[in-house]
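Here is how names work: the chains are called A, B, and so on, in the same order as the sequence lines, proteins then strands, and each is numbered from 1.
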There are 2 protein chains.
Amino acid sequence: MGATAGPARAELGELMQSPEFDRLFKALGDPTRRAILGRLSLGPSSVSALAAPLDITVTAVGQHLQVLEESRLVRTAKAGRVRTCRIDQAGFSALERWVGWHRRAWETHLDRLGDVLDED
Amino acid sequence: MGATAGPARAELGELMQSPEFDRLFKALGDPTRRAILGRLSLGPSSVSALAAPLDITVTAVGQHLQVLEESRLVRTAKAGRVRTCRIDQAGFSALERWVGWHRRAWETHLDRLGDVLDED
DNA sequence: CTTTTTGTCAAGCGATGACTTCAGTATCGT
DNA sequence: ACGATACTGAAGTCATCGCTTGACAAAAAG
């Protein structure tokens, strides 16, 4: 990638703080929602099927799903009376972009202090 | 795949729900803490230097730093009266492992439904 | 048509969390 | 020694969040 398009380095940091990432990380902050993501990673599921192993109400799962959908981690579609939920790639891609930017950032500005003898 | 090392597929999902990831994602859930990470990605900083552009108290930053340190996203060291903070690789590696597992999971169990005509 | 299943809406409760103030400790500069 | 700087700890406030209950709507099953 050339230095042609895209904002400057400093502005990229600001980009990372957009409301998009705000929703994304807030969604990932709850363990129940991550459990839902873990379940959906194995394949699509209905709302009540998601609620069963979680020991919470179907209503609660519905609220979680709304958050997950707004952050593009889950996509749902209602057919008849059953809503089928599946993983949405968009959220995960955004997450990977976030981690990638930070890793690249502090690997470039590597403190030349020599005291960082990290593992792996 | 031999049954030699590593837990079974189903158990991996459980691993992802360990207290380690609990703390990690809870730490990432707050926008102020992510702003701190963005700042530290550009190089080490003191506590008060972190507080300046954030419009919050030094005490608040100290509390955030404790959370970030417990989740292995930041490492700090006190020299004299100033505490120097820098990025800790461990937390980011854990995050990449989490995303990687999920991506691999739903790319394997790809719904053979044909209705997933995703972008990129 | 009646019943059961599956999900949605509205309101409310309890707990957690982010931030503040105030007081205290230790280090640096003069 | 004195004052300024850099941080730490305890306690309290206020908003947000996860979850529940209860009432409701609509599709499938009998």
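Remark: B:Ile87 CD1 to A:His102 NE2 distance equals 6.5 Å, nearest 0.5 Å. The line from NE2 of B:His109 to OG of A:Ser41 is 9.5 Å long, rounded to the nearest 0.5 Å. Here the straight-line distance linking atom OG of A:Ser48 with atom CZ of A:Arg83 works out to 12.0 Å at 0.5 Å rounding. Considering CG of A:Asp88 and OG of A:Ser93, their distance stands at 8.5 Å, rounded to 0.5 Å.
For B:Glu96, the side chain to side chain contact (heavy atoms under 4.5 Å, CB included) criterion is met by A:Val99, A:Arg103, not counting sequence neighbours. B:Ala94 is linked by a side chain to side chain contact (heavy atoms under 4.5 Å, CB included) to B:Glu20, B:Phe21, B:Leu24, B:Arg97, counting only residues two or more places apart in sequence or in another chain. With sequence neighbours left out, A:Arg34 forms a side-chain hydrogen bond (donor to acceptor under 3.5 Å, both in side chains) with B:Asp22.
Between B:Leu40 and B:Ser45, some side-chain heavy-atom pair lies under the 4.5 Å cut-off. The shortest distance between side-chain heavy atoms of B:Trp106 and A:Arg86 does not fall below 4.5 Å.
Residue B:Gln63 places no side-chain atom within donor-acceptor reach of the base of D:dT8, judged by atom type and a 3.5 Å distance cut-off alone.
Both B:Ala49 and A:Ala60 lie close to DNA chain D; mapped to their nearest nucleotides by heavy-atom distance, the more 5′-ward contact belongs to B:Ala49. Of the residues near DNA chain C, A:Gly62 and B:Val58, the one whose nearest nucleotide (by heavy atom distance) lies more toward the 5' end is A:Gly62.
Linking Ile, Leu, Val, Met, Phe, Trp and Tyr residues whenever their side-chain heavy atoms come within less than 4.5 Å places B:Leu28 and B:Trp101 in a single cluster.
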Validation: residues 49-70 of chain B side-chain donor-acceptor distances under 3.5 Å, sequence neighbours left out:
{"residue": "B:His64", "atom": "ND1", "partner": "B:Arg33", "partner atom": "NH1", "Å": "3.2"}
{"residue": "B:Glu69", "atom": "OE1", "partner": "B:Thr76", "partner atom": "OG1", "Å": "3.4"}
{"residue": "B:Glu69", "atom": "OE2", "partner": "B:Thr76", "partner atom": "OG1", "Å": "3.0"}

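Going from atom NE2 of A:His64 over to atom C1' of D:dC17 covers 9 Å, rounded to whole Å. The nearest whole Å value for the distance from the CZ atom in B:Arg83 to the C1' atom in D:dG9 is 13 Å. Rounded to an integer number of Å, the gap from A:Leu65 CG to D:dC19 C1' is 15 Å.
Put simply, chain B comes within 4.0 Å of DNA chain C, heavy atom to any atom, from C:dG17 to C:dC28, going 5' to 3'.
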Could you run down nucleotides 22-30 of chain D 5' to 3' and tag each one B, S or - for protein heavy-atom contact under 4.0 Å? B----BS--
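The ring-ring contact (aromatic ring centres under 6.0 Å, His included) analysis of residues 24-50 of chain B, with sequence neighbours excluded, yields the pairs B:Phe25-B:Trp98.
Using five terminal pairs a side, the axes of the helix from C:dC1-D:dG30 to C:dT27-D:dA4 at its two ends make an angle of 30°, given in steps of 10 degrees.
In the region residues 23-33 of chain B, proximity to DNA chain C at under 4.0 angstrom, judged on heavy atoms, holds for B:Lys26, B:Asp30, B:Thr32, B:Arg33.
Considering all non-hydrogen atoms of both residues, A:Lys78 and A:Arg81 come closest at CE-O, 4.0 Å.
Note on A:Thr57: a side-chain N or O is less than 4.0 Å away from OP1 or OP2 of D:dT20.
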